[in-house]
Structure formats: structure tokens, C-alpha cells
Amino acid sequence: MKMYDGKYILAGLIVFIVLATFPVWFTHGKAAPPPELKLDTPVIAKMANKQCVLPKEEMITGHMKLLNDWRTQVVRDGKRMYVASDGKTYEMSLQNECMKCHSNKTLFCDKCHNYAGLQKDADPYCWNCHIAPKENK
Amino acid sequence: MGIRFSLVAVVALVLAAFLGVGTAGLNHFFGVTVPSIALVVFLGGVVFRVLKWGRSPVPFRIPTTAGQQKTLSWIPQNKLDNPSTKMQTVGRMVLEVLLFRSLFRNTKFEIEKGPKLYYQWEKWLWLASLAFHYCFLVILIRHLRFFTDPVPFFVHDIERLDGFFQVGLPGLYLTDAIFMLAVTYLLIRRLIIPQLRYISLPQDYFPLFLLFTIGTTGILTRYFTKVDLIKVKQLAIGIISFHPVVPEGIGVIFFIHLFLVSTLLIYFPFSKLMHAGGIFLSPTRNLPNDSRFKRHVNPWNYPVKVHTYAEYEDHFREKMVEAGLPVEKELDEAPVTAQNSTEG
């Protein structure tokens with residue numbers, strides 16, 4: 001096969017292939033299993049009915065939106081209580097309510113945020129202002 | 001005609017994924033089989049097309065000469081628009097590939113009242129194209145977070161920059177918005193400018209509708225109809241690490257997005273979208289204009305037997321002198337070998 005200006009064209013093609021297959025050689029065939037979340041904090045262990053403010057599936061996909069809505073309601077509207085669909089009321093507070101049960105940020109929040117590659121050090125900007133719970137490690 | 005065909009094609013693709021996953025439950029087919037085929041076809045197709053182009057000889061310099069060419073020393077040369085050396089050509093190509101200089105030079109001309117031709121400033125196409133291509137690049141790089149573990153640093157940096165304004169949660173990416181605006185502009189431009197609409201074909205509308213729908217489904221997936229990203233990443237990384245898995249319970253909107261992207265990848269090498277590779281191989285851009293001082297020989301020239309005038313004279317010198325015709329070399333100046341050859 002006669003190529004004209006072959007060395008330039010082949011060099012360009014090699015660059016293209018290397019860039020286009022970046023994820024393949026970067027992960028070099030290692031399948032990364034999804035993280036296991038730890039729900040064995042003392043507070044959760046004591047709960048009779050292990051139920052978050054929303055069903056699990058809704059929390060997985062919608063927790064960030066819920067937190068954002070809570071932020072708006074507390075900070076802008078001065079509303080502090082949230083009534084869940086089962087009638088239970090919760091205080092709309094990340095530090096005092098969410099983290100009371102999920103006191104294991106590194107084994108709970110960070111696990112998925114890391115895996116999904118949210119931001120550097122897997123930190124959504126919640127913790128720019130909020131104080132993360134102390135953990136014994 | 002072209003619009004309707006393209007629109008129907010894209011709607012059919014969306015419906016195929018929607019019904020295929022939502023009703024028929026072909027999660028594995030739409031989640032693993034089609035994307036895998038798409039990746040192979042994309043890579044193979046691009047290489048095939050480029051190698052095919054590489055086999056065409058480009059014997060002569062045919063650059064568009066959009067400025068003063070190299071000439072007398074006291075006439076300044078336009079080195080970027082009429083390059084004469086390799087380096088100048090590289091400069092031209094860099095500007096072309098990274099900044100779309102040809103589009104920047106675009107002007108609009110119109111005949112207005114009276115026989116007067118007006119040339120007008122027209123940079124909107126350039127602006128929208130540049131915005132579109134760079135946003136697409138950023139979006140592509142951002143998607144690497146689903147394909148790599150650990151996620152490389154530059155993906156984080158780009159995400160952070162892209163979500164700089166921290167609007168809402170999940171944070172709005174600027175490129176998402178600009179991408180949609182640019183694609184919409186490029187589509188509307190085709191629809192409302194009569195001349196452009198006249199020359200537009202299905203292959204012009206189809207990629208635009210496809211990209212518009214890919215953007216829409218992507219935005220829906222991220223901001224509105226949320227899906228479980230952990231499972232999405234598990235699927236994505238499964239494909240590229242050759243251990244495919246299809247986790248249960250990913251929303252159908254994700255499969256529509258994935259199927260449209262797969263379609264784009266398969267369509268890419270066989271369509272106008274190959275301008276991505278073609279721009280590097282454009283003879284009107286990548287050749288230096290040096291015909292005036294370099295001889296370029298056509299590689300497929302048939303070896304023609306030629307008989308130069310010098311040889312002709314060598315053959316017939318004696319007879320020419322006899323007949324009184326003027327010769328360049330007289331009989332006594334001509335080399336002896338030539339004399340011999342005339343006798344032989």
C-alpha cells in the first residue's frame with residue numbers, strides 16, 4: 001500500500017488512537033467495582049425502622065437536590081422543619097440531622113463521590129462551609 | 001425534505017432505545033453490545049478513511065492563496081495566508097485547526113437597493129462553531145470520569161472550572177448551556193437563511209438533530225430525570241475494561257443517551273463529520289505554496305521517451321549544416337560521441 005506523506009499521516013493516526021483509547025490503557029482492563037456503603041453507625045444500629053427521609057432509590061439520585069432545597073428553605077425562607085411523606089418531621093440540617101445517622105462521612109459520602117469522580121478529593125462543596133463529623137479512624 | 005428525513009431518523013432512534021429498553025428489556029443489547037460495536041466501528045472507520053485518503057497522491061501544490069505570495073524581497077509576503085515554507089504552513093494549519101481561521105475570514109455579501117454589492121462583517125458562524133467544538137471537547141473530557149478509576153486530575157480541574165458558578169445541585173456546567181445554544185444556532189442558521197437551506201441536505205441536518213438530542217438527553221439525565229451514576233459508571237468502565245456488566249435499575253433516559261452517542265460514533269467515520277480528520281489532510285491548507293521555486297514531479301507520470309532538441313541536433317547536425325539550417329553547435333564544436341551516433 002503506497003502512502004503519500006505516510007510518516008506524517010501515520011504519526012497523526014497513532015496520536016489519535018492513543019488519545020481515543022485513553023480510558024482503556026489508563027484503566028488497563030481493571031474493572032472497578034462500585035463501592036460498598038457502610039450503614040453500621042451507632043445511631044443507625046439503634047433505629048428500629050431504618051428509614052431515611054426519602055426511599056433509598058430517591059436518595060441515591062436526588063439527595064443533592066434535596067440538600068439544595070433544604071439550604072434554600074432554611075437560609076432564605078427561615079423554614080427549618082421538613083415533613084417526610086410518612087409524616088415524620090426532620091430538622092433540615094446537614095450537620096445535625098443527616099450526619100447524625102451518617103456519622104461516617106469517609107465510608108459513606110466520600111465512597112460514591114470518589115467513585116463517580118465528583119471533584120478533586122471527591123469533595124462536593126458542602127464541606128467548604130459545613131463541618132464534617134469527627135470520626136475515629 | 002432533508003429536515004423531515006433527519007428528524008424522523010432521530011426520533012426513530014430515540015424510540016428504538018426507549019422501546020428496546022423500556023418495553024422489551026434489551027438492556028444488555030443497548031447497554032453493552034451497541035456501544036462496543038460503536039467504539040470499534042468508530043476507531044476502525046476513522047483509521048480506514050484516513051489511510052484511504054493517504055493513498056491519494058497530491059503531486060502539485062494547490063493551496064488557497066489568500067494573501068501575497070513570496071516574491072521580490074521588497075514586497076512583504078503574507079506568511080500565514082500564503083505560506084512558502086514548512087514552518088509557515090504549520091502555522092497556518094495550527095490556526096486553522098485550533099481557531100478555525102477560514103471561518104473567521106467569512107463575510108456576507110448582499111445586493112441592496114441599486115446595483116451595489118455590500119460586503120458585511122459576519123463572525124457568528126465562526127463564533128458558534130468555535131463555541132460548539134470546544135464545549136464538545138470539554139464535555140468529552142468531563143465524561144472521562146465515568147471511564148477512569150481513579151479519575152485523572154485534569155478531569156477534576158476541567159469539571160471545577162466548568163462548574164465555576166456553582167448554580168444549583170448538581171451544579172450547572174457552563175459548557176452544557178453553551179453547547180446547546182451553539183447547536184441551536186447552527187441549526188436555526190440552516191433553517192432561516194434561504195441560500196443555506198437550499199443547499200442543505202439530510203447529511204447536514206441529521207448530525208445537528210442528533211447532537212441536539214444527545215445534548216438534551218444528557219442534560220435531562222444530569223439535571224432532571226436523574227439516574228444512578230454509580231451504576232452508570234459501573235457499566236461504562238465495564239465496557240472499556242472488557243468485563244461488561246449491566247447493573248439493574250438504570251433509568252431508560254440513560255440508555256437513550258447512550259444509544260444516540262453510539263449512533264454518532266458509528267455514523268462519524270462515514271459522514272461529513274470526518275472533517276475532523278480531513279482538515280489535517282486538506283491540500284488547500286496543508287501545502288506550502290512553493291511551485292515557483294521547487295519542481296514537483298507527478299508520481300504517476302508514465303515514463304515518456306523524449307527526444308530533446310540537443311539530441312535532435314546531434315542526430316541531424318551534418319544534414320542541417322548541409323541544408324544551411326542554423327545549428328547551436330557547429331560540426332567542430334560537437335562532441336565526438338555525438339558525431340559517431342549520427343553515423344550509426
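The sequence lines fix the lettering, A, B, ..., with proteins before strands; numbering per chain opens at 1. Values below: all heavy atoms of this structure, side chains included; hydrogens, waters and symmetry mates excluded.
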J.: Between Phe280(B) and chain A, with a heavy-atom cut-off of 4.5 Å, which part of the residue counts as in contact: side chain, backbone, both or neither?
T.: neither
J.: On a heavy-atom basis, which atom in Ala20(A) and which in Leu43(B) lie closest, and how many Å separate them?
T.: CB-CD2, 3.7 Å
J.: Tell me if the CZ atom of Phe42(B) is crowded by more than 12 foreign heavy atoms within 6.0 Å.
T.: yes
J.: Is atom CE of Met87(B) surrounded by more than 12 heavy atoms (other residues, nucleotides or ligands) closer than 6.0 Å?
T.: no
J.: Quick one: what part of Lys2(A) sits under 4.5 Å from any heavy atom of chain B, side chain, backbone, both or neither?
T.: backbone
J.: Testing the basics here: between Leu144(B) and Pro23(A), what is the closest heavy-atom pair and its distance to 0.1 Å?
T.: CD2-CG, 3.7 Å
J.: Return the option, out of Val58(B), Val232(B), Val47(B), Ile239(B), with the maximum number of heavy-atom pairs under 4.5 Å with chain A.
T.: Val47(B)
J.: Could you look at Phe154(B) and say if it's the side chain, the backbone, both or neither that has a heavy atom under 4.5 Å from chain A?
T.: side chain
J.: Is the shortest heavy-atom distance from the side chain of Phe242(B) to the side chain of Val24(A) under 4.5 Å?
T.: yes
J.: Tell me whether the count of non-hydrogen atoms from other residues, nucleotides or ligands lying under 6.0 Å of CZ in Phe48(B) goes above 12.
T.: no
J.: Closest heavy-atom contact between Tyr8(A) and Lys86(B)?
T.: OH-NZ, 2.8 Å
J.: Heavy-atom cut-off 4.5 Å, strictly under: side chain, backbone, both or neither for Leu281(B) against chain A?
T.: side chain
J.: With chain B as the partner, which of Leu13(A), Asp69(A), Ile9(A) has the greatest number of non-hydrogen pairs under 4.5 Å?
T.: Leu13(A)
J.: Mind checking the NZ-NE2 spacing from Lys226(B) to His63(A)? Nearest 0.5 Å is all I need.
T.: 9.0 Å
J.: Please report the C-alpha distance between Asp149(B) and Tyr115(A) in whole Å, then the side-chain angles of each, then the deciding distance to 0.1 Å, and finally whether the side chain to side chain contact (heavy atoms under 4.5 Å, CB included) criterion is met.
T.: CA-CA 7 Å; Asp149(B) 190 70; Tyr115(A) 185 70; 4.0 Å; yes
J.: Got Asn114(A) and Val151(B) here, is their nearest side-chain heavy-atom distance under 4.5 Å?
T.: no
J.: With Ile60(A), which of Ile230(B), Leu229(B), Asp228(B) fulfils side-chain contact (heavy atoms from CB on, under 4.5 Å)?
T.: Asp228(B)
J.: Looking at every non-hydrogen atom in both residues, tell me the closest pair between Pro150(B) and Phe26(A) and how far apart they are.
T.: O-CE2, 3.1 Å
J.: Counting only heavy atoms not in Lys50(A), do more than 12 sit closer than 6.0 Å to its NZ atom?
T.: yes
J.: Report, as yes or no, whether the 6.0 Å neighbourhood of atom CG on Leu19(A) holds more than 12 heavy atoms from other residues, nucleotides or ligands.
T.: yes
J.: Answer yes or no: does atom CZ of Phe60(B) have more than 12 heavy-atom neighbours from other residues, nucleotides or ligands under 6.0 Å?
T.: yes
J.: Determine whether Pro59(B) and Tyr4(A) make a side-chain contact, defined as any pair of heavy atoms from C-beta on separated by less than 4.5 Å.
T.: no
J.: What do you reckon, is NZ of Lys88(A) surrounded by more than 12 foreign heavy atoms closer than 6.0 Å?
T.: no
J.: Working to the nearest 0.5 angstrom, can you tell me the gap between Phe22(A) CZ and Leu140(B) CG?
T.: 12.0 Å
J.: With a 4.5 Å limit on heavy-atom distance, are the side chains of Leu51(B) and Met3(A) in contact?
T.: yes
J.: For Val227(B), is it the side chain, the backbone, both or neither that has a heavy atom under 4.5 Å from a heavy atom of chain A?
T.: backbone
J.: Which bit of Thr72(A) comes within less than 4.5 Å of chain B, counting heavy atoms only: side chain, backbone, both or neither?
T.: neither
